[in-house]
Amino acid sequence: MKENSTGKKLKSLRENAEYSPEKLARFLNCTPEQVILWENGEQEPNFNQLAMMCKLYSVTPDEMFSHINVNHLVDNSIKDEFLHEASINRILRSHYL
């Protein structure tokens with residue numbers, strides 16, 4: 001199993017809800033094997049499955065992915081531009097909410 005904090009988060013949410021992989025798979029229209037692959041970091045759920053898990057576990061996407069530091073995901077050659085754009089969007093969003 002490769003290191004995968006998202007998989008650990010998904011497993012933790014499932015276990016805290018006291019769901020078996022089989023029960024979660026039924027809700028998400030997938031197989032229990034897929035659930036285990038997600039939790040082991042070998043595959044990733046699709047967007048719809050992630051949205052359904054947020055709803056099922058009553059967590060926001062921010063809460064589900066709060067463990068991810070996106071700065072490590074951005075290529076160094078565009079990191080400054082990415083962070084600048086993120087800060088502009090944060091400011092714009094605060095004015096429209």
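All of these numbers come straight from a predicted model, not from anything done at the bench. When a residue number appears, it is its place in the shown sequence, counting from 1.
Closest non-hydrogen pair, Ala25 versus Pro32, comes out as CB-N, 3.4 Å. Minimum interatomic distance between Pro21 and Arg14 (heavy atoms only, all atoms of both residues): CD-NH1, 3.3 Å. Shown here for Met64 and Met53, the closest heavy-atom pair between the two residues is CE-CB, 4.0 Å. Closest approach of Ser58 to Glu63, counting heavy atoms only: O-OE1, 4.2 Å. In plain terms, the two heavy atoms of Cys30 and Trp38 that are nearest each other are SG-CH2, 3.7 Å.
The distance from atom CD of Glu42 to atom CG of Leu37, rounded to the nearest 0.5 Å, is 5.0 Å. Distance CZ/Arg26 to OG/Ser20: 7.0 Å, rounded to 0.5 Å. Remark: Met52 CE to Asn29 CG distance equals 7.5 Å, nearest 0.5 Å. Atom CZ of Phe65 sits about 7.0 Å away from atom NE2 of His67, to the nearest 0.5 Å. With rounding to the nearest 0.5 angstrom, the CG atom of Leu28 is 7.0 Å from the CG atom of Leu56.
Listed by chain and residue number, nothing satisfies the ring pair (Phe, Tyr, Trp, His ring centres under 6.0 Å) test with Tyr57 (two or more places apart in sequence, or in another chain). Residues that satisfy the side chain to side chain contact (heavy atoms under 4.5 Å, CB included) test with Glu15, not counting sequence neighbours, are Lys11. Under the rule for a side chain to side chain donor-acceptor pair (under 3.5 Å), Glu81 has no partner lying at least two apart in sequence or in another chain. For Ser66, there are no side chain to side chain donor-acceptor pair (under 3.5 Å) partners, not counting sequence neighbours. Considering only residues two or more places apart in sequence or on other chains, Ser77 meets the side chain to side chain contact (heavy atoms under 4.5 Å, CB included) condition with Asp75.
Here the side chains of Thr31 and Ile36 are not in contact, with every heavy-atom distance at 4.5 Å or above. The closest side-chain heavy-atom distance from Leu10 to Pro45 is below 4.5 Å.
When atom types are taken as modelled, the side chain of Asn46 and the backbone of Asn48 share a donor-acceptor pair closer than 3.5 angstrom.
More than 12 heavy-atom neighbours from other residues, nucleotides or ligands sit within 6.0 angstrom of CG on Asn69.
Neither Phe47 nor Leu73 shares a network with the other; the hydrophobic side chains, linked directly or stepwise wherever heavy atoms of I, L, V, M, F, W or Y lie under 4.5 Å apart, form separate groups for each.
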Got a list of side-chain donor-acceptor pairs under 3.5 Å for residues 82-92, not counting sequence neighbours?
from: Ser87; atom 1: OG; to: His84; atom 2: O; distance (Å): 3.4
from: Asn89; atom 1: ND2; to: Glu85; atom 2: O; distance (Å): 3.2

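Taking a cutoff of 4.0 Å between a charged side-chain nitrogen and a carboxylate oxygen, Glu18 and Lys23 do not qualify as a salt bridge.
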